[in-house]
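Values reported hereafter were calculated over all heavy atoms of this structure, with side chains retained and with hydrogens, waters and symmetry mates removed. Throughout, a chain's letter reflects where its sequence line sits, starting with A, and its residues are numbered from 1.
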2 protein chains.
Amino acid sequence: MDSAEDTVDGYRPWSEVTPDAARRLLVAAVEAFAERGYHATTTRDIAGRAGMSPAALYIHYKTKEELLHRISRIGHDKALDILTTAADGSGCAAERLDAAVRSFVRWHAAHHTTARVVQYELDALAPEHRSEIVTLRRQSDAAVRRILTDGVAAGEFDVPDVPGTTLAVLSLCIDVARWFSVAGQRTPDEVGALYADLVLRMVGARPRPQK
Amino acid sequence: MDSAEDTVDGYRPWSEVTPDAARRLLVAAVEAFAERGYHATTTRDIAGRAGMSPAALYIHYKTKEELLHRISRIGHDKALDILTTAADGSGCAAERLDAAVRSFVRWHAAHHTTARVVQYELDALAPEHRSEIVTLRRQSDAAVRRILTDGVAAGEFDVPDVPGTTLAVLSLCIDVARWFSVAGQRTPDEVGALYADLVLRMVGARPRPQK
DNA sequence: AGGGTGGGTGAGCAAGCGCTTAGCGTTCCC
DNA sequence: GGGAACGCTAAGCGCTTGCTCACCCACCCT
């Protein structure tokens, strides 16, 4: 249903999942999990959306939880990649923070179906898979914190509580996945721009630091 | 388990639910829903936590969904009450925004168990119950928007996009329920203070408007 | 031509689900 | 003191769940 997701940011999602049948099942699972939640989704529903019989799922995945894990892993990898690319880029702290928030939010809005599963179904993962994902999330936190610390050190930002503000910034971005709707009047680009502006205000960024 | 919730802000939660057995079941349901999600929680689990047999649940509630609806309704009423009390209070726009965010966030942190159910299990409600709750949420949105509009009109705030910023402020506050943990090092009061500061920055509040 | 291989199906199992029903003990009122 | 009313339980019904198994068929290499 969400075919608009197929070609965003010039990359084809789930292209890393092969063979074709496994990818179709995974895409079906993303849609179903996002719509009804992991626990409310049945394996029959997933297989049905992919145009297959219930048993076909178990040729490509051992359990329903493995499907969620694969989705969560790929999604977190992508989200972390977007964030660290911006965080480790060139430019002053304000520019990097702007880029990080803008692209992170744009991804959460454009891929809100995937993002919803990735961000809100963490508790449904098996303990060992959950801790693997939590490690990735800590890296996201570190990336944002790095920008804030740099900005404070350079005198660009005024942030009394760096860990708390880091948490708030990430929380703000992530929650986009919950409320964003294609039926709404904002495009992912617009939300990204709005949020980048709001976050720069939150950190007290000076228009031009020392020029 | 979360007995610390029993007496916060000087009011006893769920005191409006009678008789005693019905309240015990409801409290058990809140804990179970918050821990595992609505769909992953069984009626046997709820009854077990309340120290009753599975059938006891159906003496006080028609269905499992009615339990969720009652929880959601009471929680939304309380959250909206907190928000509108602050929004309609006296003081300049900045003071009212500070109070609104501070108390709203404090509630989400202190009652994060309840808040998690209230904010994240909306889709599990039956359509007619869902639309009833959505109405309440629109009132929350209106309350915050009112403060922002007032602040802009008074020249206290600099907000280019009032609806978008309203959405972001509420989103930021609500997401506290997702990440807040009693194991963390912040108290609800501290998070409330931090967030009030961050939001005042987001709206470009001037330290003293015209004094 | 023919047998192996890998992706697929139809049918179904054991377990667990939400919810119901028959019945039981206590309380309360006349 | 007798009976209705109430709060609750033990047992279990009908159904759905995640998952399995026996089998099938298109394709491939020799």
Side-chain angles (χ1 to χ4, degrees), chain A residues 14-72 117 121-130, chain B residues 14-72 117 121-130:
Chain A
W14 314 124
S15 57
E16 59 268 67
V17 182
T18 54
D20 185 69
R23 178 171 48 246
R24 268 161 50 218
L25 282 164
L26 190 132
V27 169
V30 168
E31 290 174 5
F33 290 163
E35 256 177 49
R36 307 137 100 97
Y38 174 80
H39 288 293
T41 299
T42 68
T43 54
R44 284 164 177 79
D45 183 21
I46 297 169
R49 284 174 192 247
M52 297 176 188
S53 76
L57 199 152
Y58 294 91
I59 295 161
H60 301 282
Y61 303 96
K62 270 212 294 271
T63 62
K64 178 177 144 185
E65 195 267 349
E66 191 195 320
L67 252 174
L68 177 63
H69 176 229
R70 287 273 260 272
I71 293 166
S72 196
V117 179
E121 299 290 351
L122 223 115
D123 290 339
L125 287 170
E128 67 272 23
H129 291 157
R130 221 180 80 110
Chain B
W14 315 122
S15 56
E16 60 269 66
V17 182
T18 53
D20 185 69
R23 177 170 50 246
R24 269 159 50 219
L25 283 164
L26 190 132
V27 169
V30 169
E31 290 174 4
F33 290 163
E35 258 178 47
R36 306 135 100 98
Y38 174 80
H39 288 293
T41 300
T42 69
T43 54
R44 285 163 177 81
D45 182 22
I46 296 169
R49 283 174 192 247
M52 296 177 186
S53 77
L57 198 151
Y58 294 91
I59 294 161
H60 301 282
Y61 303 95
K62 270 210 297 269
T63 62
K64 178 177 145 186
E65 193 268 348
E66 190 194 322
L67 253 173
L68 177 63
H69 176 228
R70 287 274 258 272
I71 293 166
S72 196
V117 179
E121 300 289 351
L122 222 114
D123 291 339
L125 288 170
E128 69 272 23
H129 290 158
R130 222 179 79 109

Colleague: With distance as the sole criterion, do the side chain of B/R44 and the base of C/dG16 form a donor-acceptor contact below 3.5 Å?
Modeller: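 Side chain to base: no pair present.
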Colleague: Roughly, in whole Å, what's the span from CG in B/L57 to P in D/dG7?
Modeller: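 For the pair B/L57 CG and D/dG7 P, the rounded distance is 15 Å.
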Colleague: For the pair made of CG in A/D45 and C1' in D/dT16, what is the distance, rounded to whole Å?
Modeller: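 Computing the A/D45:CG to D/dT16:C1' distance gives 13 Å.
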Colleague: D/dG18, D/dC8, C/dC19: which one has an atom nearest the side-chain heavy atoms of B/H60?
Modeller: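 The answer is D/dC8, which lies nearest to the side chain.
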Colleague: Measure the shortest side-chain to side-chain distance between B/Y58 and B/T43 over non-hydrogen atoms and say whether it is less than 4.5 angstrom.
Modeller: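 They are in contact (side-chain heavy atoms under 4.5 Å apart), so the answer is yes.
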Colleague: Go through it in stages, so that I can follow the logic: the residues are A/R49 and A/E35, the test is salt bridge (Lys or Arg N to Asp or Glu O under 4.0 Å), and I'd like the CA-CA distance, side-chain angles, deciding distance and then a yes or no.
Modeller: CA-CA 13 Å; A/R49 284 174 192 247; A/E35 256 177 49; 3.2 Å; yes
Colleague: OP1 or OP2 of D/dT17 sitting under 4.0 Å from any side-chain N/O of A/H39?
Modeller: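 The answer is no; no side-chain N or O of A/H39 sits under 4.0 Å from OP1 or OP2.
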Colleague: Looking at A/Y38, does the NZ or CZ of A/K64 lie under 6.0 angstrom from its six-membered ring centre and within 45 degrees of the ring axis?
Modeller: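 That pair qualifies as a cation-pi contact.
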Colleague: With respect to the side chain of A/I59, which nucleotide from C/dT21, D/dG18, C/dG7 is positioned closest?
Modeller: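 In terms of side-chain proximity for A/I59, the closest of C/dT21, D/dG18, C/dG7 is C/dG7.
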Colleague: C/dC19, D/dT17, C/dG8: which one has an atom nearest the side-chain heavy atoms of B/Y58?
Modeller: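 Nearest to the side-chain atoms of B/Y58, counting from C-beta on, is C/dC19.
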Colleague: Whole-Å distance between C/dG16 P and B/K64 NZ?
Modeller: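 In whole Å, C/dG16 P lies 16 Å from B/K64 NZ.
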Colleague: Does a nitrogen or oxygen in the side chain of B/T43 sit under 4.0 Å from OP1 or OP2 of C/dG18?
Modeller: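 For C/dG18, OP1 or OP2 has a side-chain N or O of B/T43 closer than 4.0 Å.
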Colleague: Any idea which of D/dG18, D/dA11, C/dG18 is nearest the A/T42 side chain?
Modeller: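 Selected nucleotide (nearest to the side chain): D/dG18.
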Colleague: Rounding to an integer number of Å, can you tell me how far A/Y61 OH sits from D/dG18 C1'?
Modeller: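 It is 17 Å, rounded to the nearest whole Å.
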Colleague: Given atom CD1 of A/I46 and atom P of D/dT16, what is their separation to the nearest angstrom?
Modeller: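 Taking atom P of D/dT16 as the reference, CD1 of A/I46 is at 18 Å.
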Colleague: Expressed in angstrom and rounded to an integer, what is the separation of A/M52 atom CE from C/dG10 atom P?
Modeller: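 My rounded result for the distance is 13 Å.
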Colleague: OH/B/Y61 to CD/B/E66 distance, rounded to the nearest 0.5 angstrom?
Modeller: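 Going from OH on B/Y61 over to CD on B/E66, the span is 7.5 Å.
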Colleague: Between C/dT20 atom C1' and B/K62 atom NZ, what is the distance in whole Å?
Modeller: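 Nearest whole value for this atom pair: 15 Å.
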Colleague: Find the distance A/E66:CD to D/dG18:C1' and express it as a whole number of Å.
Modeller: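 Rounded to whole Å, this separation is 14 Å.
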Colleague: So which atom in B/H60 and which in B/L25 form the shortest heavy-atom distance, rounded to 0.1 Å?
Modeller: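 Minimum heavy-atom separation between B/H60 and B/L25: CD2-CD1, 3.8 Å.
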